[in-house]
Every structure is written in C-alpha cells, then in structure tokens.
Amino acid sequence: RDSSTSRGLGDVYKRQVLFFWEVISMSKSEDTKQLILDTAKKEFMEKGYNDASVRSIAKQAGLTTGAIFRYFADKESLFAALVSPVADHMLDLYRKGGERGFASLTDGHPENMWNISDEVISVLVEYIFANKDAFYLLISQSAGSAYESFVDQLIEEEEKQTYAFQQEMIRQGYSCRPLTLDEIHILFSAQYYAFFEIVRHKLEKDEALDRIHLIADFFGSAWKLYFV
C-alpha cells in the first residue's frame, strides 16, 4: 500500500471521527439545553417570573450561569422559550376565529358568531391540558415578563374583531344594539378571566370541560341579546 493511499485512508478516518464527535457534541448540547429548560420551568412554576433567577436555575441544574447564557441571552429569553409557542398559537387561533365570524354574516346567520360547538370546546380543553404548564406560566406566573399581558392581548383581539363585526352588521342592515369598545372590553374581560380560572385553579379535565360549557352557554346567550 503506497503512502498516498495511506494518507487518503487516514483523511477518511479523520473525517469520520470528526463527524461522530460533532454528532456526540450536538447531542450533549441538546441535552444541556433541555436540562436548562426543564429546570427553568420548575423555577418559574414555583416562584413566578419576577422572583425566579438565572443564578438559582444554574445552581439547580448543576451548571454555571455562563453555561446558561451560551444557550439563552437572559431570563426573558428562557421564559419565552417555554411559553411563546403556546402564546403565538393562541393569538393566531383568535385572529383566524374572527375571519370565521365574518363568514357567518355572508351566510346570513350572524347568530352563529356566538355558537361554540362541543367539538371546539373539547379541542380547546385538550390543547390547554396538553400544554398546561405553559398556560399556567402565562396566566399565573408571567408578571414582570413580556407575556404578562397575554390574556389582555387575547381580549384586545376579540374587542377589535367584535367591534368590526358589529359595524358590518349595521352596514348590512342587521338588527343589533351597538356597543362601544369600552363596553365590549368589559364583557370580554369578564368572559376571559372566568375562562382562565380553569388554569389558575388547576382543575381536572372533566371539571374544566363542565366549567367551559357553563361559561360558553352563559356568555353566548348574553352576546346574542346584543347581536341578533
């Protein structure tokens, strides 16, 4: 075997070693990142955003604060990594929900805007319970973070959509009792803070389903008094 062949085989071997080392390093990196997230979640769940600290998270994870900052820029970034997928998904759902509401006007049945089917309620509850820790962080432990106004953002989205829906009803000649933005805000605030009690009080799934049915029936009937 000549020297050029030996060098070629040596280069192949080196590349293989480097490749496997990179794979191992990436795996360790992901394991460390997940450890940080799991530990941070525990810290935020127990103390809330304001009282949690990166120093405490690092100590519980057996890492230095510098090791955490290699993965996350600060405490805000850590919290966002835990809650942003759920927060973004919920806001997107609410925006799309408004589009479906306007479709009810096109169909000539504006009352359908306020009908919430059993299927929709079940899907919503399943989603909440599949992400119950993230919801608890958003609803109960986010004070001081960029997500402390999460519920208010949902309410604001509903306000804008409902006000626009009301104006379009009037434009199309439907009978309705006009509400101001402030009045719509008060009603949705009552509805959503009641709704998220299932998260604050950590209800079991069956009880949560019953509670949401109650809220949906109560507020759905009330909204129809003004918009049908």
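It should be emphasised that the depicted structure is a prediction, and the values quoted were computed from it without experimental measurement.
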Spacing of [X] atom [atom1] and [Y] atom [atom2] [to the nearest 0.5 Å]:
| X | Y | atom1 | atom2 | result |
| --- | --- | --- | --- | --- |
| Ile139 | Tyr193 | CD1 | OH | 8.0 Å |
| Asp92 | Met90 | CG | CE | 11.0 Å |
| Ile36 | Asp31 | CD1 | CG | 11.0 Å |

Handout entry: Verdict with supporting geometry, Ser140 and Phe196, side-chain contact (heavy atoms from CB on, under 4.5 Å)
Key = CA-CA 10 Å; Ser140 300; Phe196 283 115; over 6 Å; no
List the atom of [X], the atom of [Y], and the distance in Å for their closest heavy-atom pair.
| X | Y | value |
| --- | --- | --- |
| Cys176 | Met169 | CB-CE, 3.9 Å |
| Phe150 | Ala87 | CE1-CA, 3.7 Å |
| Ala80 | Pro85 | O-CD, 4.1 Å |
| Ser189 | Ile155 | CA-CD1, 3.7 Å |

[X] side-chain N/O to [Y] backbone N/O, donor-acceptor pair under 3.5 Å:
| X | Y | result |
| --- | --- | --- |
| Glu158 | Phe188 | no |
| Glu157 | Leu154 | no |
| Thr64 | Ala67 | yes |
| Lys33 | Tyr71 | no |

Residues in side chain to side chain donor-acceptor pair (under 3.5 Å) contact with [X], at least two apart in sequence or another chain:
| X | answer |
| --- | --- |
| Gln141 | none |
| Glu156 | none |
| Ser53 | none |
| Arg200 | Glu197 |

Practice task
For Glu159, enumerate each residue passing the salt bridge (Lys or Arg N to Asp or Glu O under 4.0 Å) test, keeping only those at least two apart in sequence or located in another chain.
Solution key: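 Expected list: none.
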Exercise for the section: Using the test salt bridge (Lys or Arg N to Asp or Glu O under 4.0 Å), find all partners of Arg177 that sit at least two apart in sequence or belong to another chain. Expected result: none
Exercise for the section: Apply the test side-chain contact (heavy atoms from CB on, under 4.5 Å) to residues Leu209 and Ser122: give CA-CA distance (whole Å), side-chain angles for both, the deciding distance (0.1 Å), then the verdict. Expected result: CA-CA 7 Å; Leu209 274 169; Ser122 295; 4.2 Å; yes
Exercise for the section: Report the residues that fulfil ring pair (Phe, Tyr, Trp, His ring centres under 6.0 Å) with Phe79, sequence neighbours left out, ordered by chain and then residue number. Expected result: Phe44, Tyr49
Problem - N-O pairing of Glu168 and Arg171 below 4.0 Å - result: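 Answer for the salt bridge query: yes.
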Exercise for the section: Take Phe72 and Leu37 through the side-chain contact (heavy atoms from CB on, under 4.5 Å) test and state the conclusion after the steps. Expected result: CA-CA 10 Å; Phe72 301 96; Leu37 287 172; 3.6 Å; yes
Which pairs of donor and acceptor atoms, one on a side chain in residues 124-135, lie under 3.5 Å apart (sequence neighbours left out)?
| from | atom 1 | to | atom 2 | distance (Å) |
| --- | --- | --- | --- | --- |
| Glu126 | OE1 | Lys205 | NZ | 3.2 |
| Glu126 | OE2 | Lys205 | NZ | 3.3 |
| Asn131 | ND2 | Tyr127 | O | 2.9 |
| Asp133 | OD2 | Lys41 | NZ | 3.3 |

Practice task
Could you verify whether a donor N or O on one side chain and an acceptor N or O on the other, from Ser56 and Gln60, lie under 3.5 Å apart?
Solution key: yes
Exercise for the section: Among residues two or more places apart or on two chains, list those pairs meeting salt bridge (charged side-chain N to carboxylate O under 4.0 Å, His left out) that have a residue in residues 44-60. Expected result: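 For residues 44-60: Glu43-Lys47.
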Residues two or more places apart in sequence or in another chain: which of them pass side chain to side chain contact (heavy atoms under 4.5 Å, CB included) with [X]?
| X | value |
| --- | --- |
| Ala143 | Asn50, Glu148 |
| Asp74 | Glu76, Ser77 |
| Ala194 | Ile215 |

Problem - CA sep, side-chain torsions, deciding dist, call: Val54, Phe69, side-chain contact (heavy atoms from CB on, under 4.5 Å) - result: CA-CA 9 Å; Val54 173; Phe69 291 138; 3.8 Å; yes
Practice task
Check whether any side-chain heavy atom of Tyr226 sits under 4.5 Å from a side-chain heavy atom of Ile184, and report yes or no.
Solution key: no
